Number of protein chains: 2
Amino acid sequence: MLDNLMGIEKQNKNIKATLRDVARVAGVSSTTVSRVLNDKPNVSDAIKDKVQSAIENLGYSPSPTARALNTGRTYTVGALVPTLDNAIFARFLDALEKRLTFHNLNLVISTTDEDPKTEVQNAIDLLNMGAEALIVSGEIRHPDFDQLISRNRIPVIITSYFTSNSPYPSIGYNNAQISKIALNHLFDRGHNSIAVIHGPTKHNDRTRERLKGIQEDKRFSSITYHEADISIGSGCAAARLIIRQKGRPSAIFCLSDVLALGVMFELSRKSISIPDEIAIMGFDNLSWSAHTNPPLSTIELSVASMGIKVADELNQRLNKNKPIQSQALEGQLIIRHST
Amino acid sequence: MLDNLMGIEKQNKNIKATLRDVARVAGVSSTTVSRVLNDKPNVSDAIKDKVQSAIENLGYSPSPTARALNTGRTYTVGALVPTLDNAIFARFLDALEKRLTFHNLNLVISTTDEDPKTEVQNAIDLLNMGAEALIVSGEIRHPDFDQLISRNRIPVIITSYFTSNSPYPSIGYNNAQISKIALNHLFDRGHNSIAVIHGPTKHNDRTRERLKGIQEDKRFSSITYHEADISIGSGCAAARLIIRQKGRPSAIFCLSDVLALGVMFELSRKSISIPDEIAIMGFDNLSWSAHTNPPLSTIELSVASMGIKVADELNQRLNKNKPIQSQALEGQLIIRHST
DNA sequence: CTGAAAGCGCTTACAG
DNA sequence: CTGAAAGCGCTTACAG
């Protein structure tokens with residue numbers, strides 16, 4: 001009765017009940033309460049009931065941090081991505097999160113704005129909150145990052161970018177290879193002089209690799225390069241420049257569908273017909289790309305399946321202690337009517 | 001010397017050093033090490049140096065979970081959102097995450113697919129991993145959710161939706177009010193018969209409220225309603241239906257810019273001119289909406305500033321123990337050339 | 001300026 | 001089937 005009062009008193013004082021409180025009220029040991037809580041065998045039904053109702057009465061819920069300290073697990077994975085405000089990363093993270101949840105893992109997201117220093121800083125925060133593994137984008141790292149990882153001995157996995165030159169496993173694309181697929185298509189369609197519009201290369205090895213793939217192709221008589229922020233407006237602006245240049249190219253290869261959409265808007269405004277006067281090739285296969293006028297030829301990067309693969313490997317590593325397997329993912333050419 | 005060996009031994013065995021190891025190697029007490037670790041005053045420089053180098057030698061980094069158990073803080077906030085794969089939520093979360101990081105708070109994201117049961121389940125996971133507060137979208141909750149919250153006594157904040165009828169504070173929009181702004185604009189432009197294309201209403205009170213606002217407006221001679229998934233393709237399909245209906249409306253109000261884009265693509269294919277034959281009004285002001293042909297009239301919901309406000313209130317609540325203030329956010333009419 | 005001791009709220013051998 | 005005790009790795013009064 002006195003014990004019971006203790007429980008109620010705590011409740012009134014707005015202090016959370018502990019496992020010990022439950023044990024007292026139920027008249028059993030902490031060990032037994034713990035067993036009930038974790039569905040362990042060897043508890044009689046009678047005692048189980050007593051414990052359950054004590055839990056009910058006290059409105060008890062176990063402390064996650066105490067549990068984590070004992071089990072050594074937080075079931076948390078940290079992802080360092082450049083931004084959330086981008087359809088491709090959002091789609092990747094959406095799939096990743098769902099699959100991690102399926103594996104009983106939580107996802108903490110941290111954005112880096114493609115800045116290695118911010119990435120290290122946020123990595124520290126993620127580790128300080130108990131992340132059991134880290135997901136990063138691309139291969140470029142701040143030196144402090146590697147030191148942080150070796151100190152904390154935590155699994156790291158590179159995404160969006162496939163490489164075998166990194167100390168960390170990677171699940172992603174061979175970006176150079178993939179832009180060659182697009183180039184082959186343009187070449188087959190008879191294009192000889194093309195313009196390339198790409199996003200910022202600073203700290204962005206995915207974009208650099210795509211460009212490298214293009215530069216290695218020597219079949220074209222002329223290729224001009226135009227860097228632009230990944231936005232519709234910048235795509236429009238780049239298009240304006242390109243159609244004014246002498247020796248106007250017969251095709252524009254945009255290293256992002258967002259850029260391609262801007263180009264299409266701009267050409268439509270100038271009444272330049274696609275693909276007759278200028279062909280347009282995108283990269284990403286965003287959801288609207290099939291519906292533009294004309295529908296956009298592009299490259300599908302199955303980032304959703306990348307998310308699933310990453311989650312599955314993390315599950316293997318964290319929950320079954322198997323090493324992470326690197327995986328090179330394929331890009332797929334999607335031919336529609338803009339080329 | 002023996003102590004020193006212990007440290008190195010652990011390192012070789014790949015076991016993480018603990019604070020006690022550092023204390024042993026440095027020849028000081030745990031208390032002192034803790035003081036150094038947390039930049040507390042009253043430690044002589046000589047000892048500070050000894051401790052620092054012991055930390056270096058052992059590659060020590062403190063256990064986040066042990067810290068959390070002692071301080072009672074995890075510095076983690078959980079967000080339950082319908083999906084990440086949607087420009088509006090992604091933009092909101094991007095701003096939210098950056099601002100939370102600024103306040104030294106981590107963001108765990110969990111997607112619910114607009115399903116209250118999934119939401120409860122994921123809320124449990126978030127609490128089990130130590131979330132100190134929860135962010136939810138809209139007012140609709142599963143009953144178990146409220147029970148979970150009262151049990152765990154954790155702050156909850158409703159976003160995207162402003163309400164004063166909830167037990168939880170809210171920072172969001174009065175969606176009914178905002179669709180009236182759009183309607184006023186269409187009415188002023190002389191439209192009398194309009195079609196409304198909206199997303200699924202199931203479990204989605206934001207959409208329902210927007211529709212309620214429209215239904216309360218009695219000035220129009222005819223309003224037809226068309227439910228569609230939030231996708232370009234569905235926007236196209238809805239547009240096909242609408243232009244075929246007898247008594248074709250003079251304006252289409254899309255409760256999402258994504259839908260509006262689909263409609264515009266479809267009308268462009270059918271050579272129906274915007275806004276002369278049919279005016280189009282959107283909702284969201286996505287990044288490309290200023291660049292469509294013609295540029296899309298729409299409503300700006302400043303979800304980025306919503307993210308900042310939510311983070312700021314959470315900071316006040318969690319770090320300064322002040323109650324969360326509900327806030328009604330304004331939508332802003334953006335008139336371009338599609339109306 | 002420094003340390004011994006208790007404690008945060010659980011889990012887990014171990015013993016019966 | 002049940003419990004006493006130790007321990008996870010820190011922090012925090014308290015005492016000196």
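What you are looking at is a predicted structure, and each value in this text was computed from that prediction instead of being measured. Within every chain, numbering begins at 1; the chains are lettered A, B, ... in the order of the sequence lines, protein sequences first and strands thereafter.
Of the candidate nucleotides dT2(D), dT12(D), dT2(C), dT12(D) has the atom nearest to the side chain of Ser34(B). Candidate nucleotides dC10(D), dC10(C), dG3(C) were compared by shortest atom distance to the side chain of Ser63(A), and dC10(C) ranks first. Closest to the side chain of Leu69(A), out of dC8(D), dT2(C), dG3(D), is dC8(D). Side-chain proximity of Thr32(B) to dC10(C), dT11(D), dT2(C): nearest is dT2(C). Comparing atom distances between the Ser30(A) side chain and each of dG3(C), dT11(C), dG9(D) picks out dT11(C) as nearest. Of the candidates dG9(C), dG3(D), dT11(D), the closest approach to any side-chain atom of Ala66(A) belongs to dG9(C). Between dC1(D), dC1(C), dC10(D), one nucleotide has an atom nearer to the side chain of Ser44(B) than all others, and that is dC1(C). Taking only side-chain atoms of Thr31(A), from C-beta outward, the nucleotide of dC10(D), dG7(D), dA4(D) with the closest atom is dA4(D).
Asp146(A) and Arg141(A) are not joined by a salt bridge, as no carboxylate oxygen comes within less than 4.0 angstrom of a charged side-chain nitrogen.
One finds the NZ atom of Lys309(B) at 5.5 Å from the CD atom of Gln327(B) (value rounded to the nearest 0.5 Å).
Note on Lys40(A): only backbone sugar-phosphate atoms sit closer than 4.0 angstrom, heavy atoms only; bases stay farther off. Here Leu37(B) lies out of heavy-atom contact (under 4.0 Å) with every strand.
For Arg67(A) and dT11(C), the shortest distance from a side-chain N or O to OP1 or OP2 is below 4.0 Å. In this structure, Asn42(A) does not reach the dT2(D) phosphate: none of its side-chain N or O atoms is under 4.0 Å from OP1 or OP2.
At a cut-off of 3.5 angstrom, counting only N and O atoms as typed in the model, there is a donor on one side and an acceptor on the other between the side-chain of Asn70(B) and the base of dC10(D).
A donor-acceptor pair shorter than 3.5 Å cannot be found between the side chains of Asp125(B) and Ser110(B). If you check the side chains of Thr163(B) and Glu139(B), you find a donor sitting under 3.5 Å from an acceptor.
Partner Leu80(A) forms a side chain to side chain contact (heavy atoms under 4.5 Å, CB included) with one of Ile135(A), Leu126(A), Ile109(A), Thr159(A) and no other, that one being Leu126(A).
Nearest-nucleotide positions on DNA chain D for Arg20(A) and Pro41(A) put Pro41(A) closer to the 5' end.
Across all strands shown, the partner of dT2(C) is dA15(D), judged by Watson-Crick or G-U wobble contacts whose two distances both fall under 3.5 Å.
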